[in-house]
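The structure under discussion appears below in the form of structure tokens.
Quick note: residue numbers are just sequence positions, from 1. The figures here come from the full heavy-atom set of this structure, side chains too, leaving out hydrogens, waters and symmetry mates. Everything quoted here is computed from the prediction, not taken from an experiment. First listed ligand is number 1; within each ligand, the first listed atom is number 1.
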Amino acid sequence: MALAFDEFGRPFIILREQEQKTRVKGLDAQKANIAAARAVARILRTSLGPKGMDKMLTSPDGDVTISNDGATILEQMDVENQIGKLMVELSRSQDYEIGDGTTGVVVTAGALLEQAEQLLERGVHPIRIAEGYEMASKISVEHLDRIAQKFEFSLNNVEPLVQTCMTTLSSKIVNRCKRMLAEIAVKAVLAVADLERKDVNLDLIKVEGKVGGRLEDTELVEGIVIDKDMSHPQMPKRIEDAKIAILTCPFEPPKPKTKHKVDIDTVEKFEALRGQERQYFDEMVQRCKDVGATLVICQWGFDDEANHLLMHRGLPAVRWVGGVELELIAIATGGRIVPRFQELTSEKLGKAGLVREKAFGTTKDRMLYIEHCANSKAVTVFIRGGNKMMIEETKRSLHDALCVARNLIRNNSIVYGGGSAEISCSLAVEAAADKIPGVEQYAVRAFADALDAVPMALAENSGLQPIDTLTAVKAQQIKENNPHLGIDCNDVGTNDMMEQNVFETLIGKKQQILLATQVVKMILKIDDVISPSAY
Ligand code: ADP
Ligand code: MG
């Protein structure tokens, strides 16, 4: 530090550190970037696989999250480094596209970078490495196509779908109930799936959770569950054959705008105003009754007077229902969302066979179940669990399972998990490397080595000797020419993943390799990190 004075004699301090801070460029920049990205990958490595560890993350305001999901961990980690952020982005893209495999993709990218670093040290130009990686990823993806299998499922035989969802859930905290949750996920997806178009709209599956009960009490409700109750305790708790008016207009008399003025200076005027307000309410309630509604679901609130009147006139109501839920209710019951009372007609009412309020435990918490809807294409998974963290993690795990089931409906190709697909690709890439002329050959070989990272991490996390296990499995794959051999994480006694029923979707695995390669290429091509303070 040095003290200096400006032209008016005011002192100011020069920070030496600023001068010493130099911008890294060239090979140093690449190495620094690789180190940063690998640091992020290292964190996730221990979370991979059925025996992977969970991470506990605290947010700045003290909320605690416990998760095993790569995308969630990285999202909450608040990575500062720019290159580290690319890895977060990588995990997020896998989550958006596929939903599962978010840890694996980061581990693969980390391994690719590790290999690239060694090549850089040996003087291979980053562009050559990038090109070699590109070639190798193409070889891997083609190889995956070759070893992939199709399985047929029908509405009567959903076992393959359930098995694949179970593989996804086996690495999560909820693996105690994986069979049950996998069945719920498959049923939910099939309920909303359009098998003809091979499309699934996951928006129609609502996942709701409530603290209490046990995980085993989690259920699939054919309809909508919302965390609301009737607006008045004396309203009926059970409505059969409900005709539902779905309103986005408030049960309120119109409020005077600020530019208008209402002067109330006598009792008569006040009475008149009160009478007028009552009449408004009366008309609104009458309007709903006239069209035949037996239940009103309202996006906005209404005051005590309206509430009382609704109860009195025998029109049950639910208030403060969120926009998304309102839309789901409208879809499920075949109703229309009505923005003005004048537009309410009997065709716009939604229909549900049963609307009931259900209480939980000893608390006053109640939830509203809307079941037997006219259009049954909307379901709710209602999760129970000991605490909030558990429920949140169950929601995330279920999301992975739902995505996997959807991916299988879109494309029913699978590859085997437990690192078997990676080992098989690694062998294929290794074999192809010999035929490639030029320096790229080294990069292709490095790619083959990097593919071993996933099985290696799986073995390590399961308490096995990583190198011994991997080499043994690799040798066995070559000997038996069987691409289904992987790491026996759960010590079942066989490492044939076909026998263990450990499946992953083909598109998920392909996407992992493609995305990881893309990001690594991107990082390799950065040779200068310029931030505003560095000029
Ligand atoms: P990701 O977020 O990448 O899905 P996971 O923690 O879910 O990470 O781990 C997935 C990996 O664990 C996959 O490579 C999968 O094949 C493997 N895996 C899952 N279940 C088993 C099992 N029972 N035996 C061996 N490997 C398994
Ligand atoms: Mg997973």
Q: Can you sort out which atoms of ligand 1 are near Thr167, meaning under 4.0 Å from one of its heavy atoms?
A: 19 (C), 20 (N)
Q) Should the pair Asp227-Arg366 be classified as a salt bridge under the 4.0 Å nitrogen-to-oxygen rule? A) no
Q | Non-hydrogen atoms of Gly418 and Glu504 that approach each other most closely | A | N-OE2, 4.2 Å
Q. Which bit of Val502 gets closer than 4.0 Å to ligand 1, counting heavy atoms only: side chain, backbone, both or neither?
A. side chain
(Q) With a 3.5 Å distance limit and no angle check, can you tell me whether Gln441 reaches the backbone of Lys435 through a side-chain donor-acceptor pair? (A) no
(Q) Using a strict threshold of under 4.0 Å (side-chain N to carboxylate O), is an ion pair present between Arg356 and Glu371? (A) yes
Q.
For Tyr369 and Phe382, take the angle between the two ring planes, folded into 0 to 90°, and tell me which bin it lands in: parallel under 30, tilted 30 to 60, perpendicular over 60.
A. perpendicular
Q) N/O of Gly418 under 3.5 Å from N/O of ligand 1, yes or no? A) yes
**Q.** Those atoms of ligand 1 less than 4.0 Å from some heavy atom in Gly104
**A.** 3 (O)
Q. What is the closest protein heavy atom to atom 9 (O) of ligand 1, and at what distance does it sit?
A. Gly49 N, 3.1 Å
Q) Are Asp54 and Lys172 close enough for a salt bridge, meaning some N to O gap below 4.0 Å? A) no
Q. Is the closest basic N to carboxylate O distance between Glu183 and Arg179 below 4.0 Å?
A. yes
Q: May I ask you to list the atoms of ligand 1 that are less than 4.0 angstrom from any heavy atom of Ile487?
A: 25 (C)
Q. Has Asp69 got any heavy atom lying under 4.0 angstrom from an atom of ligand 1?
A. no
Q: Would you check the N or O atoms of Thr102, main chain and side chain alike, for any that come under 3.5 Å of an N or O of ligand 1?
A: yes
Q | N/O/S atom of Asp400 inside 2.8 Å of the Mg ion (ligand 2), strictly under | A | no
Q.
Please name the atom of Asp100, limited to N, O or S, that comes nearest to the Mg ion (ligand 2).
A. OD1
Q) For ligand 1, which atoms, with element, lie under 4.0 Å from some heavy atom of Thr103? A) 1 (P), 2 (O), 3 (O), 8 (O)
(Q) Within ligand 1, which atoms have a heavy atom of Ser47 less than 4.0 Å away? (A) 6 (O)
Q: Give the atoms of ligand 1, by number and element, whose distance to some non-hydrogen atom of Gly417 is under 4.0 Å.
A: 16 (O)
Q) Taking only heavy atoms of Asn490, which atoms of ligand 1 are found under 4.0 Å from at least one of them? A) 23 (N)
Q.
Applying a heavy-atom cut-off of 4.0 Å, say which part of Leu458 lies close to ligand 1: side chain, backbone, both or neither.
A. side chain
Q: Classify the ring geometry between Tyr416 and His484 as parallel (under 30°), tilted (30 to 60°) or perpendicular (over 60°).
A: tilted
Q: Measure the distance from atom 7 (O) of ligand 1 to every protein heavy atom, then report the residue, atom name and distance (to 0.1 Å) of the closest one.
A: Ser171 OG, 2.6 Å
Q) Salt bridge or not for Glu75 and Arg92, using N-O below 4.0 Å? A) yes
Q. Using 4.0 Å as the upper bound for N to carboxylate O, is an ion pair formed by Lys521 and Glu131?
A. no
Q. Should the pair Glu117-Arg38 be classified as a salt bridge under the 4.0 Å nitrogen-to-oxygen rule?
A. yes
Q) Does Arg384 come within less than 4.0 Å of Asp217, counting only side-chain N to carboxylate O? A) no
**Q.** Pro50 touching ligand 1 at heavy-atom level, < 4.0 angstrom
**A.** yes
Q. Nearest protein heavy-atom contact for atom 4 (O) of ligand 1: which residue, which atom, what distance?
A. Asp100 OD1, 2.8 Å
Q. Please state which protein non-hydrogen atom is closest to atom 20 (N) of ligand 1 and give its distance, to 0.1 Å?
A. Ser170 OG, 2.9 Å
Q | Numbering as shown, the atoms of ligand 1 that approach Glu504 to under 4.0 Å (heavy-atom distance) | A | 13 (C), 14 (O), 15 (C), 16 (O)
Q: Quick one: look at Asn68 and ligand 1, take heavy-atom pairs under 4.0 Å, and tell me if it's side chain, backbone, both or neither.
A: side chain
Q) Do Asp434 and Arg445 sit within salt-bridge range, that is, some charged N less than 4.0 Å from a carboxylate O? A) yes
